[in-house]
Structures are given as structure tokens and as C-alpha cells.
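Have a look at the structure below before the remarks.
Heads up: numbering here begins at 1 and tracks the sequence. Since the model is a prediction, treat every value here as computed from it, not as a measurement.
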Amino acid sequence: MNNPWHNYVMAVMYIVAGIMHFIKPKIYMRVMPNYLPEHRFLVYLSGVAEIVLGIGMCYPVTAKWSLYGIILMLIVFLMVHFYMLSGEKASAGIPKWILILRIPLQFGLMYWAYWYLNELIARPTL
């Protein structure tokens, strides 16, 4: 594998985050917007997506598609971040300043995936 170390950092980050959806699902269900159905199912589905996409980043044949998936997933997750800013109950007790800082962090994670995706596309294949 010819991937830089930060690719593996990103992969491990998503794999661990995905596993946490199964270890502590109630934390994730508490922050799900009320207008979404089947909170438990969506929490598990997003956990599986994070694990699969994280693992996919470790293999050159799937890395590009995994990065597209991560960017799309992070865009979808923005609705949760904005929902958490909508009120006291939705914030799950997290201070508002942390919730506000999570929004640019989310865009930073999208940029990181986009940057690495461009690196993969520009890299000559042997």
C-alpha cells in the first residue's frame, strides 16, 4: 500500500467513530433530529457506513470511492449538527460554543477528505 500516514489516521478515526455507534448508541440517538424516523436503525446504519468507509480507505482500489462516501456522509451529518443548535433538548447538554465549533470542524473534515481525494486522482498509477 502506498498511502501516506494521514490516510490511515483518517481511516482509523472513522472506524473508531463507527464502532462507537454500537458501543454507545443512546448518545447518538439523543441527538437525532425528531423529523427522522427509526433513530436506532439510522444510528447503526451510520456506524456501519463509517466503519466500511474507513476500511475502504485502506485499499487503493476502494479509497477513492470511500472518500466520496465520507464527504457525502459528512454533508448528511451536518443536519444533526444544525439540529443540535436548535434548542436546549436538542443540544444534549453540550455547551453551545462547542456545538458552534463543530460546524467548521465538519467542513474541515470534508476538506481533508477532498484534499486526499485530489491527491489520489493526481497520483500516477503504476
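Pro104 pairs by the side chain to side chain contact (heavy atoms under 4.5 Å, CB included) definition with nothing, not counting sequence neighbours. When the side chain to side chain contact (heavy atoms under 4.5 Å, CB included) test is applied to Ile103, the partners found at least two apart in sequence or on another chain are His81, Phe82, Leu85, Phe107. Every residue two or more places apart in sequence or in another chain that forms a side chain to side chain contact (heavy atoms under 4.5 Å, CB included) with Val80 is listed here: Val31, Pro33, Met84. With sequence neighbours excluded, no residue forms a side-chain hydrogen bond (donor to acceptor under 3.5 Å, both in side chains) with His6. Legend: residues meeting side chain to side chain contact (heavy atoms under 4.5 Å, CB included) with Arg30, ordered by chain and number and at least two apart, are Ala92.
Here the CH2 atom belonging to Trp5 is positioned 10.5 Å from the CE atom belonging to Met10, to the nearest 0.5 angstrom. The CD1 atom of Ile71 sits 11.5 Å away from the OH atom of Tyr111 when rounded to the nearest 0.5 Å. Residue Leu67 holds its CG atom at 10.5 Å from CH2 of Trp112, rounded to the nearest 0.5 Å.
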Do any side-chain atoms of residues 51-58 form donor-acceptor pairs under 3.5 angstrom with protein atoms, and if so which ones, sequence neighbours left out?
none

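Screening residues 60-76 for side chain to side chain donor-acceptor pair (under 3.5 Å), with sequence neighbours left out, gives no hits. Among residue pairs with one or both ends in residues 83-101, those qualifying as side chain to side chain donor-acceptor pair (under 3.5 Å) are Asn34-Tyr83; sequence neighbours excluded. For residues 35-56, the set of pairs meeting the side chain to side chain donor-acceptor pair (under 3.5 Å) definition, not counting sequence neighbours, comprises His21-Ser46, His21-Glu50, Arg40-Tyr44.
Follow the hydrophobic side-chain contacts under 4.5 Å out from Tyr28 and you reach Ile94 in the same cluster. Follow the hydrophobic side-chain contacts under 4.5 Å out from Trp115 and you never reach Leu72; the two are in separate clusters.
You'll find the side chain of Leu109 stays beyond 4.5 Å of the side chain of Met73, heavy atoms only. With contacts defined as side-chain heavy-atom distances shorter than 4.5 Å, the pair Met110/Ile70 does not qualify.
The number of heavy-atom neighbours closer than 6.0 Å to CZ of Phe77, taken from other residues, nucleotides and ligands shown, is above 12.
A distance-only check finds no donor-acceptor pair linking the side chain of Gln106 to the backbone of Ile75 [under 3.5 Å].
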